[in-house]
Amino acid sequence: MSHHADLTPSVIQGLGWIYLILAVMNGAWAANAGKQKADLRIVSAWAVFSALLGMLAFAQIAGGDQAQNFSIRMPEVVKAGIDRLANPIVYFAGSTVLFVVIIAARKWLVNNTVAWVILNLMVLFLALSMTDYDFRQIVGKPDNVPIVAMLFIVAFFTWLYFKRAVDNDDRRAKGLPLFEQVENEKVLTWPDLVYTELICMVVLTAILIAWGVALPAPLEEPASAVKTPNPSKAPWYFLGLQEMLVYYDPWMAGVVLPSVILVGLMALPYIDFNKLGNGYYTFNERKFAVITFLFGFLPLWIGLIILGTFLRGPNWNFFGIYEPWDVHKLEVLNNVNLSQYFWIDGLQRPMPVAPSGSDGLTQALYILLREAPGLILVFGYLFLLPPLMAMTVFRRFFIKMGFLRYMVFANLVLLMACLPLKMLLRWTINLKYLVAIPEWFFNI
Amino acid sequence: MAPAKKAKVEERRGMLAAIMVTAVALPGIMMTPFMIASSLLTAWLGLASLMVARFMLPNVLAEPPRKFKIGSPNDFDLGTVATRFVASQGVWIVHTDQYQGKNMIYALLSVCTHLGCTPSWLEGEQKFKCPCHGSGFYITGVNFEGPAPRPLERVGLRIAEDGMLEVDKSLKFQEEMGQWTDSNSFVEIA
């Protein structure tokens with residue numbers, strides 16, 4: 001099917017070096033386990049795994065000359081299976097489930113061995129996937145290399161947070177002093193901190209220069225106002241916003257919601273009434289704050305960046321990671337506004353339209369009547385739901401916060417929830433806009 | 001008599017002195033280096049802003065003319081979208097009978113109504129598809145998929161005196177405003 005060779009000698013050899021690095025890492029892991037006087041069977045299992053990786057690396061580096069028949073590659077069945085699952089619904093549901101699993105299984109995940117196994121699996125999956133031409137085209141693009149690195153970095157820092165938090169929560173439960181209280185050896189700003197910063201600065205500059213020389217930023221053709229590259233992607237850090245734009249009008253996804261994100265993050269210290277967790281890692285003492293923030297950060301921001309980078313192709317269609325970017329891929333969609341559902345499908349009558357030649361006020365009233373269902377829904381969402389939540393789920397919050405702080409908080413939560421909600425409505429009932437008033441450039 | 005006269009002389013002297021002091025001191029104050037510098041700066045900024053204002057009225061506009069001829073109506077076959085004017089003028093010329101069953105030619109502006117990217121005409125799928133956020137439009141220009149909130153805009157089209165089609169990009173017609181019924185927004189083929 002593919003016109004390009006999945007494997008070339010240079011790819012096989014490059015992967016050989018990756019396996020070699022992984023073998024060395026696992027060898028060090030086994031040696032460390034031996035030094036820690038771990039169970040001999042476990043140490044030998046890691047040693048065997050490392051040796052197997054070493055042999056694999058040798059086979060890759062030596063066997064590059066017969067690329068077409070090289071057998072170590074991602075099985076076609078796995079590729080087809082993953083591609084068949086690839087659509088925005090599965091992706092978003094999957095990332096949400098993964099998020100819940102991370103929270104629920106945090107005590108198990110912070111185990112060093114578990115984390116090491118996951119790291120091994122991530123690298124092996126990446127390396128095996130590299131044997132696919134289309135995967136390599138996306139992941140190997142110089143633009144996208146930092147995003148692959150970001151996957152590992154975000155995973156590591158999230159893991160580190162949970163490691164420290166679970167440790168402190170255990171200490172609290174046993175009545176022991178917290179990690180930060182035990183290890184509170186203070187160092188001086190000068191020279192300890194400043195030296196560290198200086199070294200970091202020099203090393204990072206060197207890495208950036210080497211990176212810039214080794215992987216030059218790709219240049220595209222000269223910009224033109226009447227020609228848009230296909231697909232046209234925002235800078236990687238804005239891909240979450242670009243994904244948001246698929247579901248919202250530009251002024252909502254481009255102006256209102258980003259402002260709410262920024263202002264909302266600034267407002268956090270004023271909204272937060274929980275004095276615990278100040279100066280030390282914890283999860284149990286700040287459950288709501290951590291879960292809310294991480295939901296906004298991991299599935300809704302990082303998750304959408306990954307989606308935009310690796311899974312969106314020509315015409316902004318959704319493509320599996322091993323799927324060729326076919327410009328003519330057909331996705332049948334027909335998005336419908338809520339007003340159309342309400343008047344035409346629900347009440348079986350034409351949409352209210354002002355009689356031709358009527359004055360501006362009459363026209364405006366007809367437009368408001370046409371969009372009344374959506375307007376009422378949005379009004380209820382933003383103004384009736386907060387009091388309802390204050391009486392039910394957020395009762396304790398409302399009592400502690402007071403009216404004004406609670407309203408700000410409730411609206412921020414609701415506005416954050418409006419992105420996944422709109423996505424759900426788009427996927428389930430093909431909803432385009434709740435309120436669609438193109439006459440006034442007002443669409444929600 | 002005498003004291004009064006003396007007082008008047010003194011008063012006069014006082015006024016004279018005041019005028020002389022003012023006459024000497026005012027330029028003295030005006031001529032401090034600070035005042036000179038700030039006056040010069042103000043004057044220079046005033047001139048500079050005039051210069052900026054002058055940039056708003058360029059001598060030559062390097063834009064293509066807003067009105068241009070695209071050829072005879074016979075050059076555009078029924079059921080086709082001419083994409084050859086997109087690169088230079090940013091318009092598609094559409095000849096179709098799918099909009100309200102009328103056989104007509106109209107010019108659509110190649111600007112997506114969502115965020116302004118240039119959609120591409122997909123012949124096989126018979127739709128305009130935007131590469132930025134996936135909005136799709138029928139051949140009529142009406143939006144049906146993705147986030148675009150309103151149909152593509154038409155620009156003016158008429159048959160000129162010499163029988164050629166003439167596009168006028170200074171005119172815009174928006175469907176949601178009911179402007180597609182305007183006779184300047186399409187050319188009906190008999």
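Naming: A, B, ... by sequence-line order, numbering from 1 per chain.
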Over 12 non-hydrogen atoms of neighbours within 6.0 angstrom of [atom1] in [X]:
{"X": "W440(A)", "atom1": "CH2", "result": "yes"}
{"X": "F238(A)", "atom1": "CZ", "result": "no"}
{"X": "K172(B)", "atom1": "NZ", "result": "no"}
{"X": "R54(B)", "atom1": "CZ", "result": "yes"}

Is it the backbone or the side chain of [X] that comes under 4.5 Å from a heavy atom of chain A, or both, or neither?
{"X": "C130(B)", "answer": "backbone"}
{"X": "S120(B)", "answer": "side chain"}
{"X": "Y138(B)", "answer": "side chain"}

Examine whether an atom of [X] lies under 4.5 Å from a heavy atom of chain B, and if so say whether it belongs to the side chain, the backbone or both; otherwise answer neither.
{"X": "R312(A)", "value": "neither"}
{"X": "F441(A)", "value": "side chain"}
{"X": "N315(A)", "value": "both"}
{"X": "P314(A)", "value": "neither"}

Taking the side chain as every heavy atom from C-beta outward, state whether [X] and [Y] have any pair of such atoms under 4.5 Å apart.
{"X": "L245(A)", "Y": "H114(B)", "result": "yes"}
{"X": "K432(A)", "Y": "N143(B)", "result": "yes"}
{"X": "K129(B)", "Y": "N317(A)", "result": "yes"}

Q242(A) side-chain N/O to H133(B) backbone N/O, donor-acceptor pair under 3.5 Å: no
Has the side chain of Y433(A) got a donor or acceptor atom that lies under 3.5 Å from a matching backbone atom of P147(B)? yes
Can you tell me which of [options] forms the most heavy-atom pairs within a distance under 4.5 Å of chain A?
{"options": "G134(B), C132(B), G178(B)", "answer": "C132(B)"}
{"options": "K127(B), E125(B), Q174(B), Q89(B)", "answer": "E125(B)"}
{"options": "G136(B), A87(B), P149(B)", "answer": "P149(B)"}

If you tally heavy-atom pairs under 4.5 Å between each of K233(A), R426(A), Q363(A) and chain B, the highest tally belongs to R426(A)
